[in-house]
Each structure stands twice: as structure tokens, then as C-alpha cells.
Amino acid sequence: MVNRSGSFSPSPAIQRVAGALRIIGWGSFWAQVVLGVISAIVLLVAGSSLGSSRPNPANPASAAATNPGTGTGLFLAFLGIVALGGSIYWAFRYTRLARKLKSANAADRPKRGDAIQTLQIGVLINLGGLLVAVLGAQAISGSLLLKSFAQGFTIFAGNALNFITPLDLLVVQANTNTILAHLIGLGSTLLILRSINRT
């Protein structure tokens, strides 16, 4: 729509969608960045401490005592962080899409179908990230449960590897942050889709 001064002015519906893309996109971007950075740092610390705490060959019982971040749980938690990186990038793309919608050049403005396809990809990224993060949470909490059972049997043996440590709980918190970040990304995308469907 061209106004009296000759400059392009998008229709109210396009302005509403562009505003939703910009505001929700930036909000989602920064919330996911903060939660993702915290989670990544904690998981890196957990991974490095795991490498420095090798089982003692003289004590076979120590080989069974593992950090809940080991193996599958830590691997899936890292996959959740990788997927979160994709979600953060996609939230940034929403802000670029908002800018293109307000472009005076009609060729630069994305079509409705292209915008919806971009949002659908964002939904898939967040659903995939949620899936691996929840599977990681299952593995981590199962590992913690086994560790708590072993803790009762080894309390007199003095084997500190069998005790639940603050780092174990930080791994749980980091994975929970990742799940929350994916939920924010998913909710943001669904809000934008709702705004588009109203036009």
C-alpha cells in the first residue's frame, strides 16, 4: 500500500504480523540464548569433570559409580543444546522475516506460504530438541536413582563416587533449562503462527 507521500506503508494485517515476528522473535532469541549459554557451560564443566574422575582400578566398586551425566544422558543433553543452537538461529530469522515484510520492494517481501513454512521448520527444530532433551532427562534421572540406591549400600565403604554431588544436580538443572528454552521457542513460534492465521 502506497500512502499519499509516495512511500510504501504495509497493510495493518502485515504490520501486525511483522510486529509479532519482531517482538516475539527477539524475546525468544534472548531467552533461549541465556538459558542455552548457562546449560552449555554446566554441561561442559560436567563433561570435563567426568574425564578427570576415572574409576580406581584398585577398587572395582568405583567403576560402577558413575556421574549421571555420563554416557547416554550427557550425550542427549548435548544434542539438546545443539538443537537449541538451531532454534536460536531460527528465532533470529523471525526478526529478519519481520524486516522483509515491511520492505517497500514487493519482490523482497516473503509470501504467506514461505513465512508459514519457515515457522513450521521452527516448530520441528524445537520438537526435535525437546525430544532429545527429555530423553536425556530420563537417562540422567534414572542414573541418579541408581546412584541413590548405591549410596545406601556404600555409605560405610567410604566410596565418594557413589554419592550424589552438587554437580549431578547441576546437570539435571542444565538439562531442565534446555527443555525450558525449547518450550519457549516452540511457544513463540506457535504464537506467531496464530498471528499469521488471523490475517
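Since this is a predicted model, take the numbers as computed values, not measurements. Count residues from 1 along the sequence. For the numbers below, each heavy atom of this structure counts, side chains included, while hydrogens, waters and symmetry mates do not.
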Let's go through K100 and D114 carefully: what are the C-alpha distance in whole Å and the side-chain angles of both, what is the deciding distance for side-chain contact (heavy atoms from CB on, under 4.5 Å) to 0.1 Å, and is it a yes or a no? CA-CA 12 Å; K100 286 181 179 179; D114 295 338; over 6 Å; no
CD of Q32 to CG of L183: how many Å apart, nearest 0.5 Å? 10.0 Å
Exactly one of T178, T176, I184 clears side chain to side chain contact (heavy atoms under 4.5 Å, CB included) with L180, and that residue is I184
T95 (side chain) donor-acceptor with F92 (main chain) under 3.5 angstrom: yes
Looking at CG of L186 and CG of L191, how far apart are the two atoms once the value is rounded to the nearest 0.5 Å? 10.0 Å
What are the two closest non-hydrogen atoms of A20 and S195, and how far apart are they? CB-OG, 3.7 Å
Give a yes or no on whether the backbone of A137 and the side-chain of S141 come within a donor-acceptor separation of less than 3.5 Å. yes
Counting only N and O atoms by type, is there a donor-acceptor contact under 3.5 Å from the side chain of N175 to the main-chain atoms of A133? yes
Which residue is it: L97, N197, I196, I192? I am looking for the one with a side chain to side chain contact (heavy atoms under 4.5 Å, CB included) to V17. I196
Geometric class of the W30/W26 ring pair [parallel <30°, tilted 30-60°, perpendicular >60°]: parallel
Interatomic distance, CG@L43 vs CZ@F75, rounded to 0.5 Å, equals 13.0 Å
Locate the shortest heavy-atom distance separating I125 from G86; write the atom from each residue and the value. CG2-C, 4.0 Å
Donor-acceptor pair, distance only, cut-off 3.5 Å: does the side chain of H182 make one with the backbone of G80? yes
When rounded to the nearest 0.5 Å, the distance separating CG of L130 from CG of L84 is 10.0 Å
Has the side chain of W90 got a donor or acceptor atom that lies under 3.5 Å from a matching backbone atom of V123? no
Testing the basics here: between I140 and V172, what is the closest heavy-atom pair and its distance to 0.1 Å? CG2-CG2, 3.6 Å
Which residue, I24, I23, T189, forms the side chain to side chain contact (heavy atoms under 4.5 Å, CB included) with Y94? T189
In Å and rounded to the nearest 0.5 Å, what is the CZ to CD distance from R112 to Q117? 14.0 Å
Quick one: pull up CG in L79 and OG1 in T72 and give me the separation to the nearest 0.5 Å. 10.5 Å
How about CZ on R99, more than 12 heavy atoms from neighbouring residues, nucleotides or ligands closer than 6.0 Å, or not? no
